[in-house]
> 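One structure, pasted below without further comment.
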2 protein chains.
Amino acid sequence: MQKISNKHLKWIKSLHQKKNRDLEQCFIVEGIKICDEVMREHPEKIKDIICTNEYFSNISSKLHKNAFTLSQAELSRISSLKTPNAILLVLKKEKRLNFDRNQKVILLDDVQDPGNLGTLMRTADWFGIKQFVCSPNTVDLYNSKTLQSTMGSFLRISVWYRDLGQFISENNLKVGGALLEGNEFEDKDLRVMDALILGNESRGISEDLRPKINLPLRIGGSGNAESLNVAIAGAIFMEHWVK
Amino acid sequence: MQKISNKHLKWIKSLHQKKNRDLEQCFIVEGIKICDEVMREHPEKIKDIICTNEYFSNISSKLHKNAFTLSQAELSRISSLKTPNAILLVLKKEKRLNFDRNQKVILLDDVQDPGNLGTLMRTADWFGIKQFVCSPNTVDLYNSKTLQSTMGSFLRISVWYRDLGQFISENNLKVGGALLEGNEFEDKDLRVMDALILGNESRGISEDLRPKINLPLRIGGSGNAESLNVAIAGAIFMEHWVK
């Protein structure tokens with residue numbers, strides 16, 4: 001059982017900032033359920049296991065060389081949770097698989113809320129959609145709130161950050177776009193679609209990407225709300241798209 | 001222009017707690033967009049307008065008798081927002097309309113997350129569904145996070161807190177329930193449904209309500225996520241239900 005050093009603690013805390021995650025190519029995962037899943041199913045992704053003395057007995061001996069213990073107070077200092085669990089993991093960012101042109105892809109144009117990105121990934125994972133391409137200004141996948149709201153789906157989805165206009169052109173994608181002023185969508189529209197593009201929470205899809213949309217799609221509604229949340233709109237399209 | 005008193009400030013701050021909102025039959029709304037909408041379209045709901053000196057010139061003179069000014073620092077003290085806007089409103093809770101047996105209703109069984117309740121209301125409002133009945137342990141509608149995530153839809157939706165089992169029996173409702181182990185739903189199932197019941201984020205619909213479900217509904221998916229977020233599942237059902 002190795003006690004964690006102050007320097008190590010400080011380094012882990014630094015990973016709450018995107019620039020440090022990018023530099024170190026590492027990120028933090030919290031929550032007992034997801035940590036247990038990663039230790040069981042993806043031990044190769046683990047750089048460090050950081051846990052309380054009490055929790056150490058739950059760690060498989062194969063992983064002991066990566067495990068460091070600390071007090072509950074020390075854990076609180078490096079955790080992003082209000083009530084930290086007994087464990088957190090530092091995982092290595094990995095090389096993504098190559099983009100598969102024959103599989104569906106979700107394109108996100110400057111989605112800002114980590115909960116929305118996470119929920120979209122969880123929903124896509126439910127429906128078997130495995131690829132996301134995000135504009136460079138979309139919220140970071142490795143933000144702790146994003147990871148939390150994926151409920152583990154980040155382990156199964158490939159996410160790239162790219163210029164979306166260029167990506168669509170290079171791959172010659174047929175794109176459906178969620179627009180408030182589109183046509184009310186029908187299932188047949190979705191059948192020919194390679195990609196679904198969803199826009200920013202306030203301003204929707206950027207002006208310069210709109211000409212790239214082959215199918216402007218709108219969700220019909222008889223009520224009075226001004227718009228739908230982007231994760232809700234995305235889910236409604238996905239459900240029809242995979243059918 | 002009346003300056004706000006310390007006592008008044010303290011009273012407003014107390015409304016962040018449910019017990020005080022229940023006692024005083026008042027609640028707080030924040031955000032310029034929604035405050036402007038309420039002042040324009042529902043002035044009768046307003047008890048107090050609390051704004052900075054700078055913002056006062058935006059308040060219609062008809063509403064001046066209800067308006068109190070304060071400094072930005074005082075506003076920060078009573079606001080629930082990280083970066084408070086220039087205004088907040090204290091609104092009066094109102095008597096809800098009576099439940100309309102002939103209109104669709106969403107039943108929520110112990111939904112805990114304010115964002116989920118708010119997003120479900122916003123989505124229902126988009127689809128023209130205007131009634132929610134929540135179990136007594138469901139998160140409070142007047143929680144500031146719930147209100148924020150409704151994006152104004154709380155103005156158009158009736159929400160009651162009731163024992164759901166009793167409510168279903170009394171109104172003899174045909175209930176569809178979102179279950180992970182239900183049958184994959186078809187549009188025809190939804191056509192006969194009076195009510196859609198959605199369960200708690202962790203444990204789903206309670207055991208004692210399950211016998212009340214006439215149509216166990218499941219959203220088909222070929223992927224690996226364990227479940228869908230409750231607001232996502234609700235939205236997918238609503239979209240098919242109103243068609």
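Keep in mind that what you see is a predicted model, and the values were worked out from it rather than measured.
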> For the interface with chain A, which of B/Gly115, B/Ala235, B/Ser149 has the highest count of heavy-atom pairs at distances below 4.5 Å?
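Max contact count across the listed options: B/Ala235.
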
> Which of residues 219-232 of chain A have a heavy atom under 4.5 Å from any heavy atom of chain B?
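Residues in range: A/Ile219, A/Gly220, A/Gly221, A/Ser222, A/Gly223, A/Asn224, A/Ala225, A/Glu226, A/Ser227, A/Leu228, A/Asn229, A/Ala231, A/Ile232.
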
> State which residue, out of A/Lys104, A/Arg101, A/Lys174, fulfils the salt bridge (charged side-chain N to carboxylate O under 4.0 Å, His left out) condition with A/Asp194.
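The option that passes is A/Arg101.
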
> Among A/Lys243, A/Lys130, A/Met151, A/His240, which residue has the highest count of heavy-atom pairs closer than 4.5 Å to chain B?
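Result: the option with the highest number of such pairs is A/His240.
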
> Calculate, to the nearest 0.5 Å, the distance between atoms CD1 and CZ belonging to B/Ile236 and A/Phe237 respectively.
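Between B/Ile236 CD1 and A/Phe237 CZ, I get 12.0 Å after rounding to 0.5 Å.
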
> For A/Arg122, is it the side chain, the backbone, both, or neither that has a heavy atom closer than 4.5 Å to a heavy atom of chain B?
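When you check distances to chain B, atoms from both the backbone and side chain of A/Arg122 fall under 4.5 Å.
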
> Verify side chain to side chain contact (heavy atoms under 4.5 Å, CB included) between B/Ile28 and B/Arg21, making sure each step is shown before the conclusion.
CA-CA 9 Å; B/Ile28 296 170; B/Arg21 292 193 293 266; over 6 Å; no

> Let me know if A/Thr123 has heavy atoms under 4.5 Å from chain B in its side chain, its backbone, both or neither.
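Contact with chain B involves both backbone and side-chain atoms of A/Thr123.
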
> Are more than 12 heavy atoms from other residues, nucleotides or ligands located less than 6.0 Å from atom NZ of B/Lys93?
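Buried by this count: over 12 neighbours within 6.0 Å.
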
> According to the interplanar angle, ranging from 0 to 90°, do the rings of B/Phe99 and B/Phe167 count as parallel (below 30°), tilted (30 to 60°) or perpendicular (above 60°)?
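Because their plane-to-plane angle is over 60°, the rings of B/Phe99 and B/Phe167 count as perpendicular.
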
> Should we say atom CG of B/Asp187 is surrounded by more than 12 heavy atoms from elsewhere, each under 6.0 Å from it?
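Yes - once you tally the heavy atoms of other residues, nucleotides and ligands closer than 6.0 Å, there are more than 12.
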
> Is it true that, when you exclude B/Lys13 itself, more than 12 heavy atoms of the residues, nucleotides or ligands shown sit nearer than 6.0 Å to its NZ?
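Open: at most 12 neighbouring heavy atoms sit under 6.0 Å from NZ of B/Lys13.
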
> Hey, what do you get for CG (B/Leu217) to CG (B/Leu196), rounding to the nearest 0.5 Å?
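The distance works out to 7.0 Å.
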
